[in-house]
Visitor: 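Mind looking over this structure? Questions follow.
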There are 2 protein chains.
Amino acid sequence: MDNRIRVLIVDDHEMVRMGLSAYLSTEDEIDVVGEASNGKEGVEMALALRPHVILMDLVMDEMNGIEATKLITESFSKMSWDSKIIILTSFIEEDKVMPALDAGAFSYLLKTSKAEDIVRAIKKAREGESTLEGKVGQVMLANSRKKTAKHETLTEREMEVLKEIGKGKTNKEIAETLFIGVKTVKTHVSNVLSKLELEDRTKVAVYANKHHLTDDM
Amino acid sequence: MDNRIRVLIVDDHEMVRMGLSAYLSTEDEIDVVGEASNGKEGVEMALALRPHVILMDLVMDEMNGIEATKLITESFSKMSWDSKIIILTSFIEEDKVMPALDAGAFSYLLKTSKAEDIVRAIKKAREGESTLEGKVGQVMLANSRKKTAKHETLTEREMEVLKEIGKGKTNKEIAETLFIGVKTVKTHVSNVLSKLELEDRTKVAVYANKHHLTDDM
DNA sequence: TTTGATCTCCGCCTTAAGGCGGAGACGGAA
DNA sequence: TTCCGTCTCCGCCTTAAGGCGGAGATCAAA
């Protein structure tokens with residue numbers, strides 16, 4: 001049995017797979033045993049190939065990286081095998097760091113990482129040491145504080161009002177769409193403002209749009 | 001003078017650059033003359049190298065692909081030179097297709113494209129034929145109805161005010177960040193409202209966020 | 001030079017927004 | 001039953017927002 005690190009690449013961007021496998025092939029200790037172009041394929045190949053390390057993209061159609069990670073770790077835990085999964089992603093998707101780690105990811109790297117950093121992360125992963133790159137540490141800290149998104153505390157009605165504000169409606173317009181009085185809308189708005197710790201409806205509108213709480217678009 | 005196609009790659013993902021340049025180098029007719037890791041660098045290298053074709057990623061820090069595209073086409077139009085810019089992006093960012101084409105992009109490809117498709121698009125671009133992949137055709141149809149975005153008519157200052165409203169700021173806060181009086185802010189806000197045909201700042205905030213005019217995030 | 005666009009600021013006025021406090025109705029949990 | 005959360009609505013009050021009209025300064029184009 002030779003002790004090269006068996007690596008599986010899961011990414012729907014052909015050029016990313018190409019780049020990675022081209023570079024990793026130049027490394028003596030690394031052996032790219034497979035490439036998958038979506039999460040579903042990734043899970044199948046992981047189970048079949050049992051790689052030591054899996055480089056996993058997050059955003060993919062068919063099945064995303066988080067689901068795939070979850071499936072792989074669950075399956076392997078039942079068969080006493082352990083593939084280290086390294087999440088590879090763009091900086092834009094950093095809000096998915098925590099879910100990914102929860103799903104069983106071992107390391108986290110940004111796609112902007114230099115090739116040698118990726119190699120290092122693969123070797124470290126093989127040795128049982130995880131790598132968390134980028135603002136991940138900060139993000140983890142920030143998220144541990146937040147825990148629950150503030151709008152989770154809103155009542156059903158308050159959430160409806162929030163959504164309407166997110167569409168840019170006035171109290172009068174909201175009153176009409178929800179078939180209630182303007183005074184009532186005002187009450188809900190006040191509650192929303194205090195629960196979200198915001199000062200005015202404009203900030204609420206921004207909040208709603210940032211958190212994609214407008215149900216349209 | 002040899003007639004190989006001079007290509008510049010602009011992408012902040014090292015592995016994408018690696019993959020592309022590795023593959024394109026195997027093509028006789030193509031010559032990768034440079035790689036840039038962000039929009040700013042991309043603009044500089046474009047001006048310096050005058051490539052025939054530029055492969056441009058959209059999402060980058062420092063300067064995104066749209067701004068870079070705009071700068072490059074503007075600069076080149078003044079010096080009667082013409083680089084064809086091919087936007088390369090993930091399917092998630094398809095809402096940025098139109099802004100990219102408006103900015104002067106020539107073709108549009110998804111990163112999931114096969115390597116040979118990219119080569120084909122490069123050759124076509126050199127011959128003056130653009131390639132629009134994915135749902136782009138449909139998106140263009142849908143958007144062509146819209147005409148010009150209303151916010152194009154805003155002055156520079158009004159646009160700044162618009163952005164601040166998009167962050168949820170009050171007139172007082174905007175006045176402070178822009179170092180002008182509240183009265184002046186009000187004037188700008190009034191102009192923004194009438195130009196965008198909106199009734200209040202909340203709708204402006206929604207508009208700004210929908211059109212990704214907040215420059216943060 | 002004249003003109004037009006832009007940015008800056010003023011006063012006056014009306015109204016929507018939002019805080020504060022109170023309250024009745026209803027339904028589920030203790 | 002009592003209690004609590006939620007939804008509904010009221011009045012009173014203060015302030016931010018926004019419309020309307022006017023105006024001076026600057027700068028570039030005609």
Side-chain angles (χ1 to χ4, degrees), chain A residues 147-211 213-215, chain B residues 70 74-75 77-78 148-211 213-215:
Chain A
K147 214 155 275 188
T148 39
K150 290 190 186 108
H151 63 260
E152 299 286 335
T153 67
L154 297 180
T155 68
E156 208 169 324
R157 209 53 165 164
E158 287 159 359
M159 186 60 96
E160 292 182 72
V161 171
L162 168 71
K163 286 181 182 174
E164 298 304 318
I165 294 177
K167 293 174 189 165
K169 293 191 181 175
T170 62
N171 287 339
K172 194 171 156 235
E173 291 169 330
I174 296 174
E176 283 160 6
T177 53
L178 297 186
F179 304 108
I180 55 179
V182 177
K183 300 293 179 64
T184 309
V185 176
K186 280 187 154 201
T187 305
H188 292 314
V189 171
S190 289
N191 291 333
V192 171
L193 288 172
S194 70
K195 285 189 182 177
L196 299 190
E197 297 172 61
L198 298 173
E199 291 74 42
D200 53 74
R201 70 194 301 106
T202 308
K203 294 189 205 298
V204 174
V206 174
Y207 181 98
N209 279 278
K210 277 223 190 311
H211 292 74
L213 263 28
T214 44
D215 74 28
Chain B
K70 199 175 295 180
E74 278 172 8
S75 303
S77 75
K78 291 174 191 159
T148 37
K150 289 183 186 118
H151 63 259
E152 298 289 335
T153 67
L154 296 181
T155 67
E156 208 170 324
R157 210 51 165 164
E158 286 160 358
M159 185 61 96
E160 292 183 73
V161 171
L162 168 71
K163 286 180 182 174
E164 297 304 319
I165 294 178
K167 293 174 190 164
K169 293 193 181 175
T170 62
N171 288 338
K172 194 171 155 235
E173 291 169 331
I174 296 173
E176 282 160 7
T177 53
L178 297 186
F179 303 108
I180 54 179
V182 177
K183 300 292 179 63
T184 309
V185 176
K186 281 185 154 202
T187 305
H188 292 314
V189 171
S190 289
N191 291 333
V192 170
L193 288 172
S194 70
K195 284 188 182 178
L196 300 189
E197 297 173 63
L198 298 174
E199 292 72 42
D200 53 74
R201 71 196 298 104
T202 308
K203 294 188 205 296
V204 173
V206 174
Y207 181 98
N209 279 278
K210 278 224 191 308
H211 291 75
L213 263 28
T214 44
D215 75 28

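Each chain gets a letter, A, B and so on, in the order its sequence line appears, and its residues count up from 1.
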Visitor: Can you check whether Leu196(A) reaches Leu162(A) side chain to side chain, under 4.5 Å on heavy atoms?
Guide: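 Counting from C-beta outward, Leu196(A) and Leu162(A) do come under 4.5 Å.
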Visitor: So if I take residues 171-183 of chain B and measure heavy-atom distances to DNA chain C, which residues fall below 4.0 Å?
Guide: Ile180(B), Gly181(B), Lys183(B)
Visitor: Mapping Lys186(B) and Ser194(A) onto DNA chain C by nearest heavy atom, which one lands closer to the 5' end?
Guide: Lys186(B)
Visitor: Name the closest nucleotide to the Ser190(B) side chain, picking from dG18(D), dG19(C), dC7(C).
Guide: dG18(D)
Visitor: Can any side-chain N or O of Arg201(A) pair as donor or acceptor with the backbone N or O of Arg201(B) at less than 3.5 Å?
Guide: no
Visitor: Distance check needed: dA17(C) C1' versus Ile165(A) CD1, whole Å only.
Guide: 11 Å
Visitor: Measure across Thr202(B) and Gly168(A) and return the closest heavy-atom pair with its distance rounded to 0.1 Å.
Guide: CG2-CA, 4.0 Å
Visitor: Applying side chain to side chain donor-acceptor pair (under 3.5 Å), can you list everything that pairs with Glu158(A), at least two apart in sequence or on another chain?
Guide: Thr155(A), Asn191(A), Lys195(A)
Visitor: What is the separation between atom CG on Leu154(A) and atom P on dC7(D), rounded to the nearest whole Å?
Guide: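 Leu154(A) atom CG is separated from dC7(D) atom P by 10 Å.
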Visitor: Could you check how far CD of Glu197(B) sits from P of dG19(D), rounded to whole Å?
Guide: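 These atoms are roughly 13 Å apart.
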Visitor: For the pair made of CG in Asp200(A) and P in dA17(D), what is the distance, rounded to whole Å?
Guide: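 Rounding to the nearest Å, CG of Asp200(A) and P of dA17(D) are 7 Å apart.
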Visitor: What is the separation between atom CG on Asn191(B) and atom C1' on dA17(D), rounded to the nearest whole Å?
Guide: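 Between C1' of dA17(D) and CG of Asn191(B): 15 Å.
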Visitor: Mapping His188(B) and Leu193(A) onto DNA chain C by nearest heavy atom, which one lands closer to the 5' end?
Guide: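 Of the two residues, His188(B) wins.
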Visitor: To the nearest 0.5 Å, what is the distance between CD1 on Ile165(A) and OH on Tyr207(A)?
Guide: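 Going from CD1 on Ile165(A) over to OH on Tyr207(A), the span is 12.5 Å.
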Visitor: Side chain of Thr155(B) only, heavy atoms from C-beta on: which candidate in dG18(D), dA17(C), dC7(C) is closest?
Guide: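 Taking heavy atoms from C-beta onward, the closest nucleotide is dC7(C).
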Visitor: Run the salt bridge (Lys or Arg N to Asp or Glu O under 4.0 Å) test against Glu173(B) and tell me which residues pass, sequence neighbours left out.
Guide: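 Checked Glu173(B) against salt bridge (Lys or Arg N to Asp or Glu O under 4.0 Å); matches are Lys203(A).
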Visitor: First locate atom CG of Asn209(A), then atom NZ of Lys167(A), and finally report the distance between them rounded to the nearest 0.5 Å.
Guide: 11.0 Å
Visitor: Any base atoms under 4.0 Å from Thr184(B), or only sugar-phosphate, or nothing? Heavy atoms, all strands.
Guide: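 It contacts base atoms.
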Visitor: Between Asn171(A) and Val189(A), which heavy-atom pair has the shortest distance, and what is it?
Guide: OD1-CG2, 3.6 Å
Visitor: Can we say Glu160(A) and Arg157(A) salt-bridge, meaning some charged N sits less than 4.0 Å from an Asp/Glu carboxylate O?
Guide: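 Looking at Arg157(A) together with Glu160(A), the answer is yes, because their closest N to O distance falls below 4.0 Å.
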Visitor: Find the bend of the helix from dT1(C)-dA30(D) to dA30(C)-dT1(D) as the angle between its two terminal axes (five pairs each), to the nearest 10°.
Guide: 40°
Visitor: Which nucleotide, dG18(C), dG18(D), dC7(D), lies nearest any side-chain atom of Arg201(B)?
Guide: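 Out of dG18(C), dG18(D), dC7(D), the nucleotide with an atom closest to Arg201(B)'s side chain is dG18(D).
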Visitor: Expressed as a whole number of angstroms, how long is the span from Glu199(B):CD to dT15(C):C1'?
Guide: 15 Å
Visitor: In whole Å, I'd like the distance from the CG atom of Leu198(B) to the C1' atom of dG19(D).
Guide: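 So the CG-C1' distance, Leu198(B) to dG19(D), works out to 16 Å.
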Visitor: Under the criterion side chain to side chain contact (heavy atoms under 4.5 Å, CB included), I'd like the reasoning laid out for Val161(B) against Glu164(B): C-alpha separation, chi angles, the key distance, then a yes or no.
Guide: CA-CA 5 Å; Val161(B) 171; Glu164(B) 297 304 319; 5.7 Å; no
Visitor: Check nucleotides 21-30 of chain C against the protein and report each pair of N or O atoms closer than 3.5 Å, with its distance, or say if there are none.
Guide:
none

Visitor: Within the 4.0 Å heavy-atom criterion, would you say Glu158(B) contacts the bases, only the backbone, or no part of the nucleic acid?
Guide: nothing
Visitor: So, taking the atom named CD1 in Ile174(A) and the one named CD1 in Ile180(A), what distance separates them when rounded to the nearest 0.5 Å?
Guide: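 CD1 of Ile180(A) is found 8.5 Å from CD1 of Ile174(A).
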Visitor: Can you run down the side chain to side chain donor-acceptor pair (under 3.5 Å) pairs that involve residues 175-188 of chain A, sequence neighbours left out, and say none if there aren't any?
Guide: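 Residue pairs with at least one partner in residues 175-188 of chain A: there are none.
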Visitor: Nearest-Å distance, NZ (Lys203(B)) to P (dG18(D))?
Guide: 11 Å
